[in-house]
Amino acid sequence: MDTGQLLRAQGISKSFPGVQALSDVDFVLRKGEIHALMGENGAGKSTLIKVLTGVYEKESGIAWMNKQEIHPRSPQHAQRLGISTVYQEVNLCPNLTVAENIFIGRYPRKRMLIDWESMNRRSKELMARLDMHIDVKQPLSHYSVAVQQMVAIARAVDLSKGVLILDEPTSSLDTNEVKQLFAVMRKLRDEGLGIIFVTHFLDQVYEITDRITVLRNGRLIGEFETQKLPRTQLVSHMIGREWNPAEAGGQKAEQQGGFEPFMKASAIAKRGSIEPIDLTLHKGEVLGLAGLLGSGRTEVAKLIFGIDKADEGVFVIDNETMSAMHPGKAIRKGFGFTPEDRKVAGIIGELSIRENIALALQARQGIFRAIPLRKQKELADYYIELLRIKTPGSEQRIENLSGGNQQKVILARWLATKPRLLILDEPTRGIDVGSKLEIRKLILDLAKTGISVLFISAELEEMVQCCDRVVVLRDKCPIGELSGSDMTEDRIMHMIAEGGGGHGQSGGIGA
């Protein structure tokens, strides 16, 4: 065995009822490297991590840590072996202090009492190691998500004896916070730590990692040096076919400016949430909302669907003027809404795919007009085939699906209502490349049938590929609009950074 190998897994297999999650997978992590674990949702990445950290028991295979064979029985046991994990959702206690979170379950003691002085001092040192100079006596809730994630990393590093697993750590961070995290990762790598980095952002993989391991359908496709693997080949390895950039959604429909308006929102606003904004959506148009986290994109979507109530402004739909929306009225008007956080606000995990798909249609029909079971099954089977949802059947619980397939079920839920407007808030966040391509293509196909789409994404490439127009927001305020040849990634970024520069900003945005 190579002496530079820190963690090695060989021939790992794991199955669940009806699914072979891992099949004879090998993986090697070396000291002082950042190693990307890549693959579509359902490829086996999470299962491999859970086997290595003792969440799941492997059915076959062997794992070594520092040349010693290991058999992790639980995450706590894996930590004692030297393997620590920081997940996408920070699993800490916001009501406790930073120091308490770092040492929870292992507080230093002095004569049976907690040694607060020692704990606070050591916590300060650990955070300083990550170039974070904060008051560790403050409650964790006092700090941003980015800082909370650094606290989780500090705890993991203190527990680790060499292996740190970061599972989608950048999904909720802005550009500057990602840079700060990457600086910390490089520092830890230079100190000899081995870091497994799971992400769906290809740019980040090529910026920060040394090597890449690709899984597909539970099997090892290969291990590659990052800088020697072209991006197109990486995507091809992940999706199992040659990748054509045009597949990211085909060609956009022609500019929809000549089409009749479907909905107008005039000076809608909510105090503390979003400044007055005008929006016009045409039939068959994909209108994008671009901006950084906290710019007001999601707030606009919630006002239009009626999740939040507007304090000002009016909506005009089908020649009907109304001062505010609510979800029931929005559904009756033909609106659909896929939320930013599908696990919290989108899916109902313990229900089946069939039940999740039928939800919105049942809500529109009312509780006294139950959809027959046969009709529910027909709907579910139709959309499972149409959207290529990977599942043994419609009675599978949705929580057992990969993220990309969960997102497809949420889309199917609204497609079953025959919507006139789809509001899609980060529909491709946290899902694999193949599913992203399929969802982008679906968005454009829907627009061609006359459905209006309000589209929110943090990925500017995706916005440019999918949208007919883009409204740019900054600091909860609309600052301009781009379309046609002006609608480029550089122009959008310039507007976000400089605060304007697009046409249409002095008049009604999107008018």
Side-chain angles (χ1 to χ4, degrees), residues 2-9 25-39 43-46 48-53 63-66 78-79 81-88 90 126 129-132 146 149-173 175-215 220-231 233-235 237-238 430 432-433:
D2 183 353
T3 56
Q5 292 180 2
L6 179 60
L7 176 67
R8 180 184 177 192
V25 170
D26 297 344
F27 178 79
V28 174
L29 176 70
R30 295 180 174 87
K31 296 177 182 179
E33 77 164 355
I34 300 174
H35 193 131
L37 184 58
M38 302 290 289
K45 306 186 302 294
S46 295
L48 178 59
I49 286 174
K50 289 177 179 178
V51 167
L52 294 175
T53 56
W64 294 269
M65 177 81 177
N66 289 320
Q79 287 177 351
L81 294 171
I83 306 170
S84 293
T85 307
V86 176
Y87 293 100
Q88 180 177 352
V90 178
L126 282 168
R129 181 183 175 188
L130 305 184
D131 291 325
M132 296 293 295
Q149 197 162 58
M150 291 296 187
V151 173
I153 290 173
R155 172 180 167 81
V157 168
D158 192 47
L159 287 166
S160 171
K161 296 182 180 67
V163 176
L164 176 64
I165 302 174
L166 300 178
D167 189 0
E168 295 286 354
T170 64
S171 61
S172 298
L173 305 184
T175 302
N176 289 329
E177 290 167 342
V178 170
K179 288 181 179 179
Q180 185 177 18
L181 173 63
F182 283 1
V184 168
M185 289 170 64
R186 291 187 182 100
K187 182 175 182 179
L188 294 174
R189 176 186 61 188
D190 293 344
E191 292 176 2
L193 221 65
I195 299 175
I196 301 175
F197 181 49
V198 181
T199 183
H200 291 295
F201 295 106
L202 297 187
D203 287 346
Q204 295 179 5
V205 169
Y206 281 89
E207 179 180 351
I208 192 67
T209 69
D210 303 296
R211 289 189 304 133
I212 301 170
T213 289
V214 179
L215 303 180
L220 173 67
I221 301 303
E223 176 191 298
F224 312 91
E225 289 185 40
T226 303
Q227 298 308 319
K228 293 183 179 179
L229 179 65
R231 297 187 187 209
Q233 287 188 23
L234 172 58
V235 173
H237 287 317
M238 291 170 64
D432 58 80
V433 173

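As the structure is a computational prediction, the values presented were derived from the model and not from experiment.
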Judged by atom type as modelled, is there a donor-acceptor pair below 3.5 Å linking the side chain of S84 to the main-chain atoms of Q79?
no

Roughly how far, to the nearest 0.5 Å, is CG of L220 from CG of L48?
9.5 Å

Under a 4.5 Å cut-off applied to non-hydrogen side-chain atoms, are L215 and M38 in contact?
no

Rounded to the nearest 0.5 Å, how far does CD1 of I165 lie from CG of L52?
6.0 Å

Flag side-chain contact, heavy atom, 4.5 Å: D203 against R231
yes

Can you give me the closest heavy-atom contact between T226 and V205, atom names plus distance?
CG2-O, 3.8 Å

Report the C-alpha distance between T170 and F182 in whole Å, list the side-chain angles of each, state the deciding distance to 0.1 Å, and finish with yes or no for side-chain contact (heavy atoms from CB on, under 4.5 Å).
CA-CA 10 Å; T170 64; F182 283 1; 4.1 Å; yes

Side-chain (T209) to main-chain (H35) donor-acceptor, under 3.5 angstrom:
no

Can you tell me how far apart CD (Q233) and NZ (K228) are? Round to the nearest 0.5 Å.
13.0 Å

Interatomic spacing from NE2 in H237 to CG in L229 - rounded to 0.5 Å
5.5 Å

So, does Q227 use its side chain to make a donor-acceptor pair with the main chain of Y206 at under 3.5 Å?
yes

Counting N and O atoms only, with roles assigned by atom type, does the side chain of Q149 sit under 3.5 Å from a partner on the main chain of P169, one being a donor and the other an acceptor?
yes

Does the side chain of N66 reach to within under 4.5 Å of the side chain of L6, using non-hydrogen atoms?
yes

Going by heavy atoms in the side chains, are M150 and L181 under 4.5 Å from each other?
yes

Look up atom CD1 in I153 and atom CE in M185, then write down how far apart they are to the nearest 0.5 Å.
8.0 Å

For the pair K187 (side chain) and R129 (backbone), establish whether a donor and an acceptor sit closer than 3.5 Å, ignoring hydrogens and angles.
yes

Report the C-alpha separation of Q204 and F197 in whole Å, then their side-chain angles, then the decisive distance to 0.1 Å, and conclude whether the side-chain contact (heavy atoms from CB on, under 4.5 Å) test is met.
CA-CA 10 Å; Q204 295 179 5; F197 181 49; 3.9 Å; yes

Inspect the contact between R30 and D210 and indicate whether a charged nitrogen and a carboxylate oxygen are less than 4.0 angstrom apart.
no

Spatial distance of atom OG1 (T213) from atom CG (D26) [nearest 0.5 Å]:
9.5 Å

Give the C-alpha distance, both sets of side-chain angles, the deciding distance and a yes or no for side-chain contact (heavy atoms from CB on, under 4.5 Å) between Q5 and W64.
CA-CA 9 Å; Q5 292 180 2; W64 294 269; over 6 Å; no

Are L130 and L188 packed together at the side-chain level, in the sense that at least one heavy-atom pair is separated by less than 4.5 angstrom?
yes

